[in-house]
Amino acid sequence: MADWDYIIVGAGSAGALLANRLSRKHRVLLLEAGGSDNYIWTHIPVGYLYSIDNPRTDWRFRTAPEPGLNGRSLIYPRGKLLGGCSSINGMLYLRGQAADYDQWRQMGNTGWGWDDVLPLFKQHEDYAAGDPGEMHGTGGEWRVENQRLRWQVLDDWAKAAQETGIPQVEDFNTGDNEGVAYFKVNQRSGWRWNTSKAFLRPARRSGNLEIHTQAQATGLIFDGTRCVGVRYLRDGHPAEARAGAEVVLSAGSVGSTQLLQLAGIGPAARLKELGIAPLQDCDAGENLQDHLQLRLSYKITGGKSLNTMANSMIGKAMIGAEYVLKRSGPMSMAPSQLGAFARSSSTVERADLEYHVQPLSLDAFGQPPHNFPAITASVCQLRPESRGSIRIASVDPREAPVIAPNYLSAEADKHVAANAIRLTRRIMEAPSMAKYRPEEFKPGPQAQTEDELIRAAGDVGTTIFHPVGTCRMGTDPRAVVAPDLRVNGVQGLRVADASIMPTITSGNTNSPTIMIAEKAAAMILAG
């Protein structure tokens, strides 16, 4: 006898929406390896600083040493609590470009073009950041607002970007995001808006949804080639549950991949080496893509930055008071406030760079700001050619897999990175930034030749936390899931999260992941 109609693994960005939609008509069990989202820093926007690499909220993965990053290993944050990555991320609302989804369709994934997915974005959107027009939805669960602060130095950086040929825009989410503007954010009145608040809180009222926290999935249960349930550890004790209809993996590019490989779904030769009998020979774990950001930092003179405010008791008191009284100011801010989408060269057909500009500088997330005024212009390549992998290291589900993004392994990516540094320098040298007398200190002006710039990119590059593609959707024999997100070669099992993207979207990946869950729910409910 089945305990549930559907079992969803992972209560993050995708799993929360799926649980909401499926529990309207069916009995649903939602398994979350982490705990509740009742941590105060989950809700105060600046709390991402205290949530990343925190065992209470983060899986705390690390990459293998990366040759393209000159041998460095990076932290690889993944949310481990209700709301998943939407509880610890940058809160930026970005869909990507229309051409991203049209490319998915052209690759054989019928039903995934821009015209197909735009209604899905709008379906759960609550756009309060201006006139919704034809491109946005209102009344949905996923709140989109304007940020509640501005910085003069960022306004001037935006003008400098325009002086280098990047147009001013109002909205990055109309299908063509080229331009410069302040980001829209997933917040409500100065508080973080995560998928737990948006989708799980109302779903609990249905009576059809049961949520098990501190419940780490350890394996899939099969009857022949049909997935019929999930094994998991709940508070350290073994348990299992059976699904009458389907099991849906929404554990992300790391978690979903790991569970598939443990079940024998992945590269057969690799699985045999670990003593796992292959069930379906496919590319689960391959095709890893991520956005590598280059953090370029500049000292400034005569301008206000968060560095100086955060390094004095009076400044900290003012920051706290503004948030308590108005829910605005630095404590309400996303990690990045100003954004820009640009082209790395004149030969590129559409924007292939994204800027996240911040009125601060620090050595790493969680570290205090530097004790001098500074800004950081982080820039990432939107559509890297480099491909990496996520592979289990053993048959122990509690052991973290080996994460090897292979950043800057493709020659084309190296040259885009060098051009990104050059473009950033042109912006910083534009007339509107002249009054700040910007002085580059990271990576430093000594890097000038192509080879020097590529090495500098390896020195300052870091993940922007957008791993996708390891359970690639497609119609070819090596694809992991079909366009309806059913896992190829088995029955009763789907994947619905960022791992199914065949190619990465041209922007932050959280809201596209929620859209994927919306489409998955519609397909599941349609039978």
Side-chain angles (χ1 to χ4, degrees), residues 34-58 77 79 81-93 126-130 141-155 181-202 303-339 356-362 364-376 510:
S36 174
D37 61 333
N38 59 2
Y39 185 43
I40 184 61
W41 290 116
T42 298
H43 305 288
I44 297 174
V46 79
Y48 72 91
L49 289 170
Y50 310 103
S51 299
I52 288 176
D53 209 28
N54 179 341
R56 178 170 179 166
T57 51
D58 185 0
L81 73 167
L82 294 181
C85 289
S86 75
S87 295
I88 69 171
N89 70 359
M91 297 164 283
L92 304 184
Y93 182 73
D126 186 18
Y127 190 76
E141 301 97 336
W142 196 228
R143 184 75 168 181
V144 180
E145 295 187 349
N146 288 318
Q147 296 191 60
R148 300 166 71 88
L149 79 170
R150 297 187 77 92
W151 292 80
Q152 184 60 51
V153 69
L154 297 187
D155 291 343
Y182 278 85
F183 288 117
K184 312 296 185 186
V185 291
N186 296 121
Q187 294 182 5
R188 182 181 288 277
S189 302
W191 297 98
R192 175 190 290 274
W193 194 246
N194 65 356
T195 57
S196 176
K197 295 176 186 175
F199 301 107
L200 292 184
R201 288 185 183 178
K304 177 182 175 183
S305 85
L306 187 57
N307 285 21
T308 47
M309 292 181 68
N311 280 308
S312 75
M313 292 304 297
I314 294 176
K316 289 179 180 178
M318 293 176 62
I319 290 170
E322 182 175 2
Y323 188 73
V324 169
L325 296 173
K326 300 180 181 180
R327 294 289 181 267
S328 62
M331 288 186 70
S332 74
M333 75 184 197
S336 303
Q337 301 80 53
L338 185 73
H356 296 79
V357 192
Q358 307 121 1
L360 59 89
S361 67
L362 38 79
F365 284 110
Q367 298 296 312
H370 296 129
N371 61 359
F372 48 78
I375 68 168
T376 299
N510 186 246

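- At least one donor-acceptor pair closer than 3.5 Å links the side chain of K197 to the backbone N or O of R192.
- Note: W142 and F199 have parallel aromatic rings, judged against thresholds of 30 and 60 degrees for the angle between ring planes.
- Closest of all the heavy-atom pairs between R143 and N186 is O-ND2, 2.9 Å.
- Between the side chain of Q147 and the backbone N or O of V185 there is no donor-acceptor pair closer than 3.5 Å.
- Heavy-atom minimum distance, R327 versus W191: NE-CZ2, 3.0 Å.
- The backbone N or O of H370 lies less than 3.5 Å from a partner atom in the side chain of N307, making a donor-acceptor pair.
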**Report entry** Candidate pair W41 and V46, rule side-chain contact (heavy atoms from CB on, under 4.5 Å), full reasoning
**Finding:** CA-CA 8 Å; W41 290 116; V46 79; 4.0 Å; yes
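- One N or O on the side chain of S305 and one on the backbone of A374 form a donor-acceptor pair closer than 3.5 Å.
- Counted by atom type alone, D37 and S87 present zero donor-acceptor pairs between their side chains at under 3.5 Å.
- Although no hydrogens or angles enter the test, the distance criterion places no donor-acceptor pair under 3.5 Å between the side chain of S51 and the main chain of I88.
- Inter-residue side-chain proximity for L81 and Y39 is flagged as unmet; no heavy-atom pair is nearer than 4.5 Å.
- Of the inter-residue distances, the one linking Q187 atom CD with M91 atom CE reads 5.0 Å to the nearest 0.5 angstrom.
- Interatomic distance, OH of Y182 versus CG of L338, reported as 6.0 Å (0.5 Å rounding).
- The OG atom of S336 sits 8.5 Å away from the CG atom of L360 when rounded to the nearest 0.5 Å.
- Heavy-atom minimum distance, A334 versus L92: CB-CD2, 3.9 Å.
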